[in-house]
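The figures that follow rest on heavy atoms only: side chains count, while hydrogens, waters and symmetry mates do not.
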Amino acid sequence: MQKNPRNLQQRKKRSRKYLFIVVLLVLLIFVSIAAAYSAYYMKVPSNFWESMIPIPDGDKVSVVIESGMTASQAARAFEFQGALDKGSPAQLTKGLVKFGIDKKIRAGHYSVVPSDAWNLARQLRTLKPALLKAQILPGIDIFAMTDSLEDQDEKLTRQKFSEALLRDDNYPPKLLEILNELPDDEYTRYTFLLPETYMLVDRTADELVNAAASAWWKLWGEFIESKKFTAKQIQDAAIIASMVEREVLHDSECRTVSGVIHNRIKKNMLLQIDATVVYAWRLKGRKLTRVLNKDLEVESPYNTYRITGLPPRPICVPGIESWGAALDPETNDYYYYVAGKDGYHYFAKTYKEHLLNIKQARSEK
């Protein structure tokens, strides 16, 4: 039988096509082997070889890089925490230098596939570290704060937070210097934490206290130094700020209420702050939503309806406006105030005016 020339030609074309595919596959395999060889043995492949190697894929591990770490320290951290499974920290450092991230590596959590030094550096070239959130709310007392922090992270336990508050090196040196030493109780110390949402590397109690105390000093330190406040003035301001925080709904009234408190202290008058009565009952395990006359009989150093002067300690974490009001109160002649329906206060210079204001406030409700 005579062969069909057309079929023969088609078979030749298919053969050439298959040959081309085989040659291409062999070439790709060779390139991959050469690239892998270069990555593993040469450690610093050329840009051409590097571009041919796929980024590692697989199960990831989380590595924590702390603030202030150098490239070599970070490399050792990656090895210690199980991300560097081939090669040495020195080789990883070399890779970080190659990609220009040795001086740009930031603190945070890095989620990476464990790999050799070069491929680990390649992953880090495009990764952004994750930071953990921890929030301190203004107006929160230490009991509610502890519950809130434990809800945010199991590492922020009551005991850990207490230990962190009592550790002096978590506070700015200048603050410690001015106060001579911080009071040895967490109920005062926690007022020197600025209420804010903090982005932390590892969300430990020490890290949170350090960050929040540093933020507080950054905000108020220069003002405190310029006014030459004494240790007692600062601690008294912390107590006043905490009362203002719980008494005032509208920030615009903070300095006015602080002025009233200062005026009454100068006259040796009872402060008669409802918020301190609420706190007094809080310490006894009872939660008040409204202060009645019978509640004013509570036996407590925080009952400012019975005890002259300031309570022994702050009653909550003051916010920025409250701290500002305590450190720089409004100069006024008011000695009384009562809240209206909208939360704004009526202020009075005399008790007679105050009674009229009470009548006016009650008529709104």
Subject >> NZ/NE/NH1/NH2 to OD/OE distance under 4.0 Å, E186 and R158 >> reply: yes
**OP:** Assert yes or no for the condition that the ring centre distance of F99 to W118 is strictly below 6.0 Å.
**Re:** yes
**OP:** Measure the acute angle between the ring planes of F347 and Y337, then classify it against the limits of 30° and 60° as parallel, tilted or perpendicular.
**Re:** tilted
**OP:** Mind checking the CD1-OG spacing from I140 to S148? Nearest 0.5 Å is all I need.
**Re:** 5.0 Å
Original post:
Do other residues, nucleotides or ligands put more than 12 heavy atoms under 6.0 Å from Q272 CD?
Top reply: yes
Subject >> Set of side-chain hydrogen bond (donor to acceptor under 3.5 Å, both in side chains) partners for Q135, sequence neighbours left out >> reply: T197
Original post:
Does CZ belonging to F80 count more than 12 external heavy atoms closer than 6.0 Å?
Top reply: no
Subject >> Side chains of T188 and D185, donor plus acceptor under 3.5 Å >> reply: yes
Original post:
What do you reckon, is CD of E222 surrounded by more than 12 foreign heavy atoms closer than 6.0 Å?
Top reply: no
Original post:
Taking 4.0 angstrom as the limit, do D206 and K155 come out as a salt bridge?
Top reply: no
**OP:** Using the test side chain to side chain contact (heavy atoms under 4.5 Å, CB included), find all partners of K266 that sit at least two apart in sequence or belong to another chain.
**Re:** none
**OP:** Could you tell me whether D151 atom CG has more than 12 heavy atoms of other residues or ligands within 6.0 Å of it?
**Re:** yes
Subject >> Six-ring centre of Y334, R264 cation under 6.0 angstrom, axis tolerance 45° >> reply: no
Subject >> R203 and Q152: side chain donor to acceptor below 3.5 Å >> reply: no
Original post:
If you measure from CD1 on I136 to CG on L194, what distance do you get to the nearest 0.5 Å?
Top reply: 8.0 Å
Subject >> Test salt bridge (Lys or Arg N to Asp or Glu O under 4.0 Å) applied to R189 and D168, step by step >> reply: CA-CA 10 Å; R189 289 178 177 232; D168 283 354; 2.9 Å; yes
**OP:** On the 0 to 90° scale, with breaks at 30° and 60°, tag the W220-F223 ring pair as parallel, tilted or perpendicular.
**Re:** perpendicular
**OP:** Answer with yes or no whether the side chains of D141 and Y187 bring together a donor and an acceptor at under 3.5 Å.
**Re:** no
**OP:** Please work out whether the ring planes of F78 and Y110 are parallel, tilted or perpendicular, with thresholds of 30° and 60°.
**Re:** perpendicular
Original post:
Out of curiosity, E330 CD to T256 OG1, how far, rounded to the nearest 0.5 Å?
Top reply: 3.5 Å
Original post:
If you look at every heavy atom in G108 and L131, which pair is closest and at what distance?
Top reply: CA-CD2, 3.7 Å
